[in-house]
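One structure below.
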2 protein chains.
Amino acid sequence: MEKKKNISMAVIKRLPKYQRYLRELLDKDVDRISSKELSEKIGFTASQIRQDLNCFGDFGQQGYGYNVEDLYKEICNILGLTKKYNTIIIGAGNIGQAIANYTNFQKINFDLVGIFDTNPKLYGLKINDIEINDIDFLGEFIKDKNVDIAIICVPSRCAQEICDIVVKNGIKGVWNFAPVDLLIPKGVIVENVHLSDSLLTLSCLMNGST
Amino acid sequence: MEKKKNISMAVIKRLPKYQRYLRELLDKDVDRISSKELSEKIGFTASQIRQDLNCFGDFGQQGYGYNVEDLYKEICNILGLTKKYNTIIIGAGNIGQAIANYTNFQKINFDLVGIFDTNPKLYGLKINDIEINDIDFLGEFIKDKNVDIAIICVPSRCAQEICDIVVKNGIKGVWNFAPVDLLIPKGVIVENVHLSDSLLTLSCLMNGST
DNA sequence: TAGATTGTTAATCGATTAACAATC
DNA sequence: TAGATTGTTAATCGATTAACAATC
């Protein structure tokens with residue numbers, strides 16, 4: 001499967017979309033698809049699809065196209081979906097609770113193993129069968145339970161502090177919902193969900209001063 | 001304020017980040033900032049900052065830099081934050097409820113005026129003082145209340161159907177949380193928050209097959 | 001074999017960075 | 001005035017698209 005290194009972020013950001021469309025084809029029992037057909041569905045050019053996929057290997061076959069199931073599996077593998085992840089949520093507010101209740105991520109092996117907050121009133125309370133814990137136990141917990149991903153749902157002003165704690169305790173992936181840019185050491189990955197940035201993009205485009 | 005048209009999406013996606021950092025400077029009572037200083041904070045090159053800002057007008061002054069307050073106001077204006085928006089949420093599940101409870105958007109004039117769902121058990125129930133309504137009233141409501149933005153939080157399989165309804169009733173902006181690519185006519189703006197895509201990007205990067 | 005479609009190289013397009021004259 | 005920093009043009013870099021030989 002290995003091929004080129006230094007895959008551009010542009011390519012990486014398209015991969016989940018490939019995964020979604022291939023999943024759809026798979027569910028419709030489609031066996032094979034050409035870059036041209038996929039192009040029409042997914043909205044990328046056929047050329048781009050072939051370029052993208054070739055970053056990771058020669059998945060197609062001349063004159064035939066791509067085998068949907070094989071390609072789907074390859075993409076899942078590239079996306080790291082063949083592994084299991086232990087995740088924790090820090091901040092049991094609106095977003096934190098929503099993510100905790102959203103079971104779809106658990107279906108693809110992102111296992112929620114802990115929820116943390118600073119509000120003592122919440123301690124012991126369960127969301128989706130996971131107890132909310134005192135944030136003081138955070139560091140200890142991460143090491144004990146081999147947590148892979150920290151989902152940061154705390155207010156902006158505490159986000160960097162929380163990030164520092166989880167990173168210090170060995171977390172390698174941070175999914176950040178706080179509207180701030182976190183500083184992290186090399187080797188740690190942060191992926192941001194900046195809801196407010198997204199909403200502002202929408203209003204910006206709606207205003208057409210662009 | 002008008003200047004060039006055809007602003008690239010790359011520029012637009014950076015604007016909310018400018019707004020955030022300028023807000024921060026403003027809160028710290030900083031009067032002026034040069035592209036070089038801002039560059040060090042925000043992480044874009046000084047050159048890029050000047051290029052970006054010049055898409056919209058000559059906001060700076062040679063030898064001085066940019067007036068923080070003025071620039072902040074200009075950015076807010078470009079982002080459409082000087083207007084008021086009526087928004088509705090369709091789908092009162094986890095995400096829908098979390099967004100409904102999140103009051104920060106209301107502080108910047110995104111007013112939640114309605115929540116809709118298909119589950120009769122939820123009708124009449126209030127979130128953040130807004131009653132959950134039968135989705136059958138959706139079209140009527142949009143026209144009556146001059147709704148600007150529909151926030152789609154329904155499951156994937158119903159998202160396109162809901163989108164079609166809101167668009168048919170005059171909605172010009174859709175904030176889509178369903179993990180699907182919605183088809184919309186020209187003139188309507190869709191901004192996606194694809195949480196699962198974001199999580200998959202994280203696991204992809206953590207796996208370093210890239 | 002003939003037709004289809006890939007993998008890959010070359011051409012194009014767009015976005016970022018560098019440089020500097022204009023000017024506050 | 002001298003120094004600083006913009007606005008803007010030119011150079012560079014990277015990403016997308018087009019083209020086509022390789023080959024199933």
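Residue numbers start from 1 in every chain, and the chains themselves are labelled A, B, ... in the order their sequence lines are given, proteins ahead of strands.
In this structure Ile130(A) satisfies the side-chain contact (heavy atoms from CB on, under 4.5 Å) test together with Leu112(A), Ile115(A), sequence neighbours excluded.
Helical stems in DNA chain D, defined as runs of 3 or more consecutive Watson-Crick or G-U wobble pairs with donor-acceptor distances under 3.5 Å: C:3-24 with D:3-24.
Regarding contacts with the backbone of dT16(C), every side-chain N or O of Thr45(B) stays at 4.0 angstrom or more from both OP1 and OP2. Phosphate proximity of dT16(D) to Gln48(A): present, with a side-chain N or O under 4.0 Å from OP1 or OP2. At least one side-chain nitrogen or oxygen of Tyr66(A) sits closer than 4.0 Å to the OP1 or OP2 atom of dG7(C). Taking only side-chain nitrogens and oxygens, Arg32(B) never comes nearer than 4.0 Å to OP1 or OP2 of dT6(D).
You'll find that the side chain of Ser35(A) is closest to dT6(C), out of dT16(D), dT6(C), dG7(D). Of the listed nucleotides (dG7(C), dT6(D), dC24(D)), dC24(D) has the atom at the smallest distance from the side chain of Gln61(A). For Ala10(A), whose side chain is taken as the heavy atoms from C-beta onward, the closest listed nucleotide among dT8(D), dT16(D), dT17(C) is dT16(D). For Asn54(B), the listed nucleotide lying nearest its side chain is dT8(D); candidates were dT6(C), dT5(D), dT8(D).
Between the side chains of Asn176(B) and Asn192(B), a donor-acceptor pair is found at a separation under 3.5 Å. With 3.5 Å as the limit, one finds a donor-acceptor pair spanning the side chains of Asp164(A) and Gln160(A).
One can place CG of Asp70(B) at 15 Å from P of dT6(D), the figure rounded to the nearest angstrom. For the pair Leu53(B) CG and dT5(D) P, the interatomic distance rounds to 16 Å; values are reported in whole Å. Going from atom NZ of Lys36(A) over to atom P of dA18(D) covers 14 Å, rounded to whole Å. Rounded to whole angstrom, the span from the OH atom of Tyr64(A) across to the P atom of dG7(C) amounts to 13 Å. In this entry the distance linking CD1 of Ile12(A) with P of dA15(D) reads 11 Å, nearest Å. Separating the CD atom of Glu74(B) from the P atom of dG7(D) is a distance of 11 Å, rounded to the nearest angstrom. With rounding to whole Å, Glu37(B) atom CD is found 7 Å from dT5(D) atom P. Rounding to whole angstrom units, CG of residue Asp52(A) and C1' of dT16(D) are separated by 10 Å.
Atom CG of Asp129(A) has 12 or fewer heavy atoms from other residues, nucleotides or ligands within 6.0 Å.
For Glu69(B) (side chain) and Leu26(B) (main-chain N/O), no donor-acceptor pair under 3.5 Å exists by modelled atom type. Judged by distance alone, the side chain of Tyr64(A) and the main-chain N or O of Arg32(A) form no donor-acceptor pair under 3.5 Å. At distances below 3.5 Å, not a single donor-acceptor pair connects side-chain atoms of His194(B) with backbone N or O atoms of Phe177(B).
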Could you list the protein-to-nucleotides 19-23 of chain C atom pairs, N/O on both sides, closer than 3.5 Å?
residue	atom	partner	partner atom	Å
dA19(C)	N6	Arg50(B)	NH2	3.1

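No hydrogens or angles were tested; on distance alone, nothing pairs the side chain of Gln51(B) with the base of dT8(D) as donor and acceptor under 3.5 Å.
Between Asp27(A) and Arg23(A) there is a salt bridge, with a side-chain nitrogen of the basic residue lying less than 4.0 Å from a carboxylate oxygen of the acidic one. For the pair Asp181(A) and Arg20(B), the salt-bridge criterion is met [side-chain N within less than 4.0 Å of a carboxylate O].
Checked against a 6.0 Å centroid threshold, the rings of Phe105(A) and Trp175(A) count as neighbours.
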